[in-house]
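Written below as structure tokens is the structure these notes are about.
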Protein chains: 2
Amino acid sequence: MAQEKRRAMPTREELRIWRNYIETADALRTLLEGRMQTESSLSSADYRVLLELSEADKRTLRSSELAELIGWQRSRLSHHLGRMEKRGLVHRSPCPDDVHGINVQLTDLGAESFRHGSVPHLRDVHELFVAALSPEQLAGVDDFTATLRRHLELEP
Amino acid sequence: MAQEKRRAMPTREELRIWRNYIETADALRTLLEGRMQTESSLSSADYRVLLELSEADKRTLRSSELAELIGWQRSRLSHHLGRMEKRGLVHRSPCPDDVHGINVQLTDLGAESFRHGSVPHLRDVHELFVAALSPEQLAGVDDFTATLRRHLELEP
DNA sequence: TCATTGGGATTGACGTGTCAATCCTGTAAC
DNA sequence: GTTACAGGATTGACACGTCAATCCCAATGA
């Protein structure tokens, strides 16, 4: 009886909460993605890339740093940059300092797209998430996500 | 000043909470999917389908009902059933009652796969989610997801 | 009898992500 | 000098989801 909770099953109630939690988060993500798509023709993947680049020095990052920053596999980034480059959002060029290594630079169009996209996106986040919750609820979210992140050993 | 909150932007702090929230949910989903894949060679999409079918009368559902139940587009379901049928998890046959309409039936292999997959999956949910949180935190999650669902007008 | 429409399902093209294999180019080992 | 290897990035094959187009078949209506 000492460790009856080891590898236990969730109760019906816990399972219900879990399903609601994960479905809601999913629905929210989907909703926001859809809005961003129609508002500015950007996917959330595009947004992540543009965000990091626009905050970077000279709007430029080494490909590997970028992958690190947003936590993607190299190959995913490579595929995605290829597509973004085709759309003119981004430009790749060999990196002078490092023999291997590629510099990824935001183009003017990319910077413009990001500016145009970010304002409505942030408003959407406010409208669909922040505005729904009381300050106490928001604090609760912060608390339990922190707990969860610690539990999963995610980097902060 | 009366409606200064209309279409407002999130504060830095609110944005941080939002990002943590959505990233954590994502990471959790990914983690669980990965485990299910290695434990039982099922994706979460497979799992959804198998779950509904195994609870259905005679392990069978009309394709359209199934789509309704799990909230998928018809075409997504069609594609996915095609793949699952190839793997022998599921069987499709024209529906005798309804002229149009296709019956989707769980095969023995499908039922077996689901049984084998569900136990470790539920344990994973417990380990990675339920066990991390205090009863108060869990109640908090329940509360704020309910609030969010109402706000987003998601069906319960 | 033949065109029309309508529900139910499938198909094809396309964008995306993953995994494993490959490529490229300096650097170290022999 | 040639071989090996190592870091950095790309590629290809495949699974998945979405959108729009199509197919199939019956029940109308002319």
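Below, chains carry the letters A, B, ... as their sequence lines are ordered, and counting in each starts from 1. All of these numbers come straight from a predicted model, not from anything done at the bench.
Among the atoms of the strands shown, only primed sugar atoms or phosphate atoms (P, OP1, OP2) are found under 4.0 Å from some heavy atom of B:Arg92. When heavy atoms are screened at a 4.0 angstrom cut-off, B:His79 is found touching base atoms of the nucleic acid.
A donor-acceptor contact closer than 3.5 angstrom links the side chains of B:Ser134 and B:Glu136. A donor atom on one side chain and an acceptor atom on the other are found under 3.5 Å apart for A:Asp46 and A:His80.
The distance between atom CZ of A:Arg76 and atom P of C:dG15, rounded to the nearest whole Å, is 16 Å. Rounded to whole angstrom, the span from the CZ atom of A:Arg74 across to the P atom of C:dG17 amounts to 17 Å. One interatomic measurement links the two molecules: NZ of B:Lys86 to P of D:dA15, which rounds to 7 Å at whole-angstrom precision. Summarising the geometry, the separation between CD1 on A:Ile102 and P on C:dC24 is reported as 13 Å, rounded to the nearest angstrom. Atom pair B:Met36:CE and D:dA15:C1' shows a separation of 15 Å (rounding to whole Å applied). Computed from coordinates, the A:Leu31 CG to D:dT18 C1' distance equals 16 Å when rounded to whole Å. Atom pair A:Leu77:CG and C:dG15:P shows a separation of 18 Å (rounding to whole Å applied). Distance CD (A:Glu85) to P (D:dA9): 14 Å, rounded to an integer number of Å.
When distances run from any side-chain atom of B:Ala45 to the nucleotides D:dC25, D:dG17, D:dT10, the shortest one goes to D:dG17. Considering only the side chain of B:Gln73, D:dT18 comes nearest among D:dT18, D:dG17, D:dG8. The side chain of B:His80 lies closest to D:dG17 when the candidates are D:dG17, C:dG8, D:dA9.
At a cut-off of 3.5 angstrom, counting only N and O atoms as typed in the model, there is no donor on one side facing an acceptor on the other between the side-chain of B:Ser43 and the base of D:dC16.
More than 12 non-hydrogen atoms from other residues, nucleotides or ligands lie less than 6.0 angstrom from CD of B:Glu112. Other residues, nucleotides and ligands place more than 12 heavy atoms under 6.0 Å from the CD atom of A:Glu55.
A:His126 has its ring centre no less than 6.0 Å from the ring centre of B:Trp18.
DNA chain D is contacted by both B:Ser75 and A:Arg62; A:Arg62 maps to the nucleotide lying nearer its 5′ end (nearest heavy atom per residue).
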